[in-house]
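Here's the structure, in structure tokens; my notes come after.
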2 protein chains.
Amino acid sequence: MNFSITEENYIKAIYHLQQADGNVTTNELAAELNTKAASVTDMLKKLKAKKLVNYEKYQGFRLSSEGKKIALGVIRKHRLWEYFLVEKLQFGWDEVHEVAEELEHISSKKLIDKLDAFLDYPKFDPHGDPIPDSNGKMAAQKQINLIDLPLNEAAEIVSVGSQSTELLELLKHKHLGIGTTIEIKKRFAFDHSMEVKIKGQSAFIISQQLAQALFVRPL
Amino acid sequence: MNFSITEENYIKAIYHLQQADGNVTTNELAAELNTKAASVTDMLKKLKAKKLVNYEKYQGFRLSSEGKKIALGVIRKHRLWEYFLVEKLQFGWDEVHEVAEELEHISSKKLIDKLDAFLDYPKFDPHGDPIPDSNGKMAAQKQINLIDLPLNEAAEIVSVGSQSTELLELLKHKHLGIGTTIEIKKRFAFDHSMEVKIKGQSAFIISQQLAQALFVRPL
DNA sequence: AATAAAATTTAGACAAATCTAAAAATTATT
DNA sequence: AATAATTTTTAGATTTGTCTAAATTTTATT
């Protein structure tokens, strides 16, 4: 079975929405895809006919297990290409998304498996999201907000909540980035700021706002 | 201006046909694209409206200079991706074409220029065809049939006339391939076979049929 | 429980790219 | 030069994905 770019985009969007929500609604999906509810209904009928989605009129929907497989395949491609763009072509990790949106629809399985090998089977993309392997399995992300990391527990920064240049500027200044190992040394209740420590550096203070923008994976 | 995948495929096909023929006809193009003459006519009206093609009803057509620019951009992408697939991902040069047919439609200019840099600005693709630079300029191919190479003049093998496994088998056995430097030492009029020499090896004989399948660029 | 509001679906239309069958133009043949 | 054969174009239909506007269903509110 081969699917159109449009179908793949619908499937991927449903996957992301149902991760958060469980059941997905027509309006939600229309908003996600910048399209109209009527178009979503039309496409859902098609996807249902292809057994990629469990859908009953007016009842919302979710991916079938076959649909989930397709979604993971597209996500695998997206994230591997992002990794390639950043690690090999020197793109900034804030400018790869759009290009990967195109590359993720290249259909050759052989291509993506060879790319995976060339990149040495990376487990996380440049935004810290896990990359599914060729069977669709991926590391449990278990990524938590830095705010929620227990005291004195080392964790790796795996993603950031926004791509704004302001945030990137601040991260650069503090030498924080994807892959940095970080630990919380003390919390200050007054303003929810916290003292943190990066491996091999002396401790410093970060604000609540910044901590909320950082997602980490406990080591 | 951005063009659809279909439009790009038409433009590329017209480019290749007019290299050989000068003026291109509707039926020719329909055959090249495995489509029907009526579809070609429809698309030509569109391409004419976009000033990519000089076309008058029943008179045949060719690309405008704007059209040629688009064609060279697509060809640049196609050949750079082929080079990437062979050199970095270890594809065989006989299995990259289809994948490159998809990759050539990825639109990011930044991507292709960074890929070019990553590959160290290759001048020829794995089939020996020249790769246009980011301004659309490419090396004059000046590729000639090995049959026509003057005696004792070194040349580099740049492409092969067919992709058959039989030919590949023979080339492998004789240690011949894209990039090999070769020289003709003697010709035998009886069967048009020739004695050739590869750098650092002793001379051997190849048949007329094999020589005709090899294209070289004099050094 | 009745009605209002919101969400969803249907009906019908449109643009892109394609096709078949018929018409028109060109080219070849007698 | 007239007719036949070929090529090309037009006309009208089809498919995919989209839209607007109207109809239907569900959910919320009184």
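Letters go in sequence order (proteins before strands), and every chain restarts at 1. On a predicted model such as this, the values are computed, not experimentally measured, just so you know.
Here B:Phe215 pairs with nothing under the ring-ring contact (aromatic ring centres under 6.0 Å, His included) rule; sequence neighbours left out. Looking at residues two or more places apart in sequence or on another chain, you find no salt bridge (Lys or Arg N to Asp or Glu O under 4.0 Å) involving B:Lys123.
Atom CG of B:Leu29 is separated from atom C1' of D:dT9 by 15 Å (rounded to the nearest Å). In this structure, CD of B:Glu56 is placed 12 Å from P of C:dT26, rounded to the nearest angstrom. In this structure, A:Lys45 atom NZ and D:dT16 atom P are separated by 14 Å, rounded to whole Å. Atom C1' of nucleotide D:dT18 and atom CD of A:Glu7 are separated by 14 Å, given to the nearest angstrom. Atoms NZ (B:Lys48) and P (D:dT9) sit 11 Å apart, rounded to a whole Å.
A:Phe3 does not carry A:Lys50 over the face of its six-membered ring by the limits of under 6.0 Å from the centre and within 45° of the normal.
The stretch residues 68-75 of chain B has no heavy atom under 4.0 Å from DNA chain D, so no residue of it qualifies as close.
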Please list each protein N or O that sits under 3.5 Å from an N or O in nucleotides 18-22 of chain C, with the distance.
residue	atom	partner	partner atom	Å
C:dT18	OP2	B:Tyr10	OH	3.4
C:dC19	OP2	B:Thr35	OG1	2.5
C:dC19	OP2	B:Lys36	N	3.2
C:dC19	OP2	B:Ser39	OG	2.6
C:dC19	N4	B:Asp42	OD2	3.2
C:dT20	OP2	B:Lys36	NZ	3.1

Extract from the structure each pairing of a protein N or O with an N or O of nucleotides 5-8 of chain C at less than 3.5 Å, listing the distance.
residue	atom	partner	partner atom	Å
C:dT8	OP2	A:Asn27	N	2.8
C:dT8	OP2	A:Asn27	ND2	3.4

### Audit row: A:Ser193, A:Asp191, side-chain hydrogen bond (donor to acceptor under 3.5 Å, both in side chains) steps and yes/no
CA-CA 5 Å; A:Ser193 65; A:Asp191 60 359; 2.7 Å; yes
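In this structure, the side chain of A:Gln18 engages the main chain of A:Leu63 through a donor-acceptor pair within 3.5 Å.
Along DNA chain D, the nucleotide nearest A:Ile5 and the nucleotide nearest B:Val40 are compared for position; the residue whose nucleotide lies closer to the 5' end is B:Val40.
Defined by atom type and a distance below 3.5 Å, a donor-acceptor pair is missing between the side-chain atoms of A:Ser108 and B:Glu102. Between the side chains of A:His127 and A:Glu82, a donor-acceptor pair is found at a separation under 3.5 Å.
A salt bridge is absent between B:Arg79 and B:Glu104: the closest approach of a Lys/Arg side-chain nitrogen to an acidic carboxylate oxygen does not fall below 4.0 angstrom. Comment: A:Glu66 does not engage A:Lys51 in a salt bridge, judged by the lack of any side-chain N to carboxylate O separation of less than 4.0 angstrom.
Applying the salt bridge (Lys or Arg N to Asp or Glu O under 4.0 Å) test between A:Arg76 and each of A:Asp125, A:Asp113, A:Asp129 identifies A:Asp113 as the sole match.
Sorted by first and then second residue, the ring pair (Phe, Tyr, Trp, His ring centres under 6.0 Å) pairs involving residues 89-114 of chain B (not counting sequence neighbours) are B:His78-B:His97.
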